[in-house]
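Comments concern the structure below.
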Number of protein chains: 2
Amino acid sequence: MAAESQRKATVSSTVEDYLKVVLKIEDMKQRASTSRVARHLEVADATVTDMLRKLKKAGLLEYKPYYGATLTREGRRMAVRILRRHRLLEMFLHQVLGYGWEQVHQEAERLEHAVSDLFISRIDALLDFPSQDPHGEAIPDARGFRQVEDDLCLAEAEPGSYSVRKVTNSDPEFLAYLDRVGLRPATRLSLQEKAPFQGPLKLLPESGREPVYLGLEACRSIFVLPRKDRPPASASAPDGPASREAGTRGSRK
Amino acid sequence: MAAESQRKATVSSTVEDYLKVVLKIEDMKQRASTSRVARHLEVADATVTDMLRKLKKAGLLEYKPYYGATLTREGRRMAVRILRRHRLLEMFLHQVLGYGWEQVHQEAERLEHAVSDLFISRIDALLDFPSQDPHGEAIPDARGFRQVEDDLCLAEAEPGSYSVRKVTNSDPEFLAYLDRVGLRPATRLSLQEKAPFQGPLKLLPESGREPVYLGLEACRSIFVLPRKDRPPASASAPDGPASREAGTRGSRK
DNA sequence: GAAATTTATTAGACTGATCTAAAAATGAGG
DNA sequence: CCTCATTTTTAGATCAGTCTAATAAATTTC
Ligand SMILES: [Mn+2]
Ligand SMILES: [Mn+2]
Ligand SMILES: [Mn+2]
Ligand SMILES: [Mn+2]
């Protein structure tokens, strides 16, 4: 063997989307099973089985029948490349063309396959090499290097002070809602209480005065960073005086 | 019949390109024959025969076997829409992302199918509703209205003073060459002589001091406007104290 | 640990876009 | 009007991506 290795293998936009989904699933520390991939792409399971076999043959991922897929080095490289394009495009649409954060995803989902490398490098420079997209997600750099994301899922957070790090949901309705109640990346908020039995969280975004009650499910797509807790205050507060958190310079809006 | 009429018919990018080519051929006052369409798209004739039948069935063009195609109202509407997108995108790439005029076509050829109407209207506004693309071609307006283009093919022009109106050629090499010798939209030049027997034309672009000898064939893609002939003046030096050159800010490398 | 449920694969088909090779129509010239 | 070169269509295939229905493997439940 050892016959592959011609760089520049060019793949269809369909393949790019499959790879991106597998990456996303792996990032969530889940198994990229046939049905999971199928759900993300909204295609039939049988279609995925087929495609995974093809992608394995193309050397882009490992595939064990009845188990699922794992990206190879090359497959991951391609997936990260598309992820970078996607997020850079979202930032471009938001910053340069004035798209709302709930509008960017859909457009980027198509453009990521259509623009050239030149286009990407031009918008990268135009945006001054941003490190995050409008949802607060990290943009891999040109060499495919990805920032570590050490944030906390709001659904698992304890009452306290936080700031919104990212929102991993692309449903326009949902995003428009968050925007309305004043929850977007960099917003500071305090989690005031969590109702028991999968109940909603009571949040106070720094912007709006009104508290917001958000269902637990919805909170799963919001990620936050703990903040050096509010003024002296009372007991509780399981914090550490903020140690980590290097990299990730914010620049957005 | 009378069963069509559901607006919003969405077509593939392949279909969009077919329609655009038929429009282009019709604009050149030629018959959109199978083989001519095939040549423009670089596909086999048989492929075109097939597609033209499909497009006829879809109501986008008339198709007479052994004769060729003619756009219907609806087909023309779609074709003009893509043409608008293409040219607006070229202008955007040139003005906003600093692409050279020889680089824009290829990228626009893909993007024209991938961007949304929102994207188009945003770049249109950003560019302040331009009426021409970087090659000097008219950009149809949002309602599909197309400016009449009353220009003259340089290949058919008599010696005299002209200004370059548009260049209808998308070969990057060729465009880069024209750029180098100082021939681009809005450039003033004098056609000094035409060699007989399909010989080259001797041109003096206002910018460069050197005369340029351009083959007749090449001149077929350059269109000019006659200018109120050079000042009284003597024989040579058809200059003007540097006035021209509005639009098209150059920035490339 | 067998049955029931869930998940995955196989089989068979379809659509859109393309090709090559062969057959047929067109049109120019004699 | 007949012949031949050119253009076009027809026939038959392929490839990517998708589907549904049937079958089979894996996992969960009792
Ligand atoms: Mn997105
Ligand atoms: Mn996509
Ligand atoms: Mn063009
Ligand atoms: Mn195109």
Side-chain angles (χ1 to χ4, degrees), chain A residues 8-22 25-26 28-71 75 78-79 82 109-110 112-114, chain B residues 6 8-22 25-26 28 30-71 75 78-79 82 109-110 112-114:
Chain A
K8 291 290 86 187
T10 193
V11 299
S12 68
S13 61
T14 307
V15 166
E16 291 180 336
D17 280 339
Y18 272 84
L19 295 175
K20 213 175 51 165
V21 161
V22 174
I25 295 173
E26 290 185 349
M28 295 190 297
K29 271 111 179 76
Q30 294 181 314
R31 187 165 58 90
S33 63
T34 302
S35 59
R36 197 124 53 193
V37 172
R39 229 169 321 110
H40 281 268
L41 289 168
E42 305 188 83
V43 297
D45 290 9
T47 308
V48 174
T49 300
D50 234 65
M51 183 58 93
L52 293 184
R53 269 202 262 101
K54 279 187 222 162
L55 296 184
K56 179 197 166 99
K57 177 140 46 179
L60 300 174
L61 45 75
E62 285 317 317
Y63 167 57
K64 267 240 310 281
Y66 294 100
Y67 174 77
T70 324
L71 292 172
M78 286 189 178
I82 300 299
E109 199 54 63
R110 273 170 293 114
E112 63 190 0
H113 313 290
Chain B
Q6 331 80 322
K8 291 290 90 184
T10 194
V11 299
S12 68
S13 61
T14 307
V15 166
E16 293 181 335
D17 281 339
Y18 273 83
L19 294 174
K20 212 175 51 166
V21 161
V22 174
I25 295 172
E26 290 185 350
M28 294 189 297
Q30 294 180 315
R31 187 165 58 92
S33 65
T34 303
S35 60
R36 196 123 55 193
V37 172
R39 231 172 317 110
H40 281 268
L41 289 168
E42 305 187 84
V43 297
D45 289 9
T47 308
V48 174
T49 300
D50 234 65
M51 183 59 94
L52 293 184
R53 268 202 263 101
K54 278 187 224 164
L55 296 184
K56 179 197 166 99
K57 177 139 45 176
L60 300 175
L61 45 73
E62 285 315 317
Y63 166 58
K64 266 247 301 287
Y66 294 99
Y67 175 77
T70 324
L71 291 173
M78 286 189 179
I82 300 299
E109 199 54 63
R110 274 170 292 113
E112 63 191 1
H113 313 290

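Every heavy atom of this structure was used, including side-chain atoms; hydrogens, water molecules and symmetry mates were not. Order of the sequence lines fixes the chain letters, A, B, ..., with proteins taken first and strands second; residue numbering starts at 1 for each chain. Being a predicted model, the structure only gives us computed values, none of them experimental.
Dashed line: the shortest gap from a side-chain N or O of B:Arg53 to OP1 or OP2 of D:dT10 is under 4.0 Å. Here A:Ser33 reaches the OP1 or OP2 of C:dA8: one of its side-chain N or O atoms lies under 4.0 Å away. Residue A:Ser35 places at least one side-chain N or O under 4.0 Å from the OP1 or OP2 atom of C:dA8.
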Requested in this report: With pairs defined as Watson-Crick or G-U wobble and both distances under 3.5 angstrom, please note down DNA chain C as a dot-bracket string, | for pairing with another strand.
Outcome: ||||||||||||||||||||||||||||||
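Nearest heavy-atom pair, A:Leu71 versus A:Glu26, reported as atom, atom and distance to 0.1 Å: N-OE2, 2.9 Å. The two atoms that bring A:Asp45 and A:Ala38 nearest to each other are OD1-CB, 3.2 Å, heavy atoms only.
Taking A:Arg36 as the reference, A:Ile25, A:Gln30, A:Arg31, A:Ser33, A:Arg39, A:His40 meet the side-chain contact (heavy atoms from CB on, under 4.5 Å) condition, with sequence neighbours excluded. Partners of A:Asp17 under the side-chain contact (heavy atoms from CB on, under 4.5 Å) rule, at least two apart in sequence or in another chain, are A:Lys20, A:Leu41, A:Glu109, A:Glu112, A:His113. Evaluation of the side-chain contact (heavy atoms from CB on, under 4.5 Å) rule for A:Tyr66 yields no partner, not counting sequence neighbours. Looking at residues two or more places apart in sequence or on another chain, you find no side-chain contact (heavy atoms from CB on, under 4.5 Å) involving A:Ala46.
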Query raised in the report: How does each nucleotide of nucleotides 13-27 of chain D score, in 5' to 3' order, for protein heavy atoms under 4.0 Å: base (B), sugar-phosphate only (S), or none (-)?
Result: ----SSBB----SS-
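For B:Lys64 and C:dA25, the NZ to C1' distance is 14 Å, given to the nearest whole Å. Atoms NZ (B:Lys57) and P (C:dA17) sit 13 Å apart, rounded to a whole Å. Atom NE2 of B:His113 and atom P of C:dG16 are 18 Å apart (whole Å). Distance, B:Leu52 CG to D:dT10 P: 12 Å, rounded to whole Å. In this structure, B:Tyr67 atom OH and C:dG27 atom P are separated by 11 Å, rounded to whole Å.
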Could you tabulate the donor-acceptor pairs under 3.5 Å formed by side-chain atoms of residues 54-61 of chain B, not counting sequence neighbours?
none

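Base contact: A:Thr49 has a heavy atom under 4.0 Å from a base atom.
Within the 4.5 Å cutoff, no side-chain heavy atoms of A:Met78 are placed close to those of A:Val15.
Considering OG1 of A:Thr10 and CD of A:Glu16, their distance stands at 7.0 Å, rounded to 0.5 Å.
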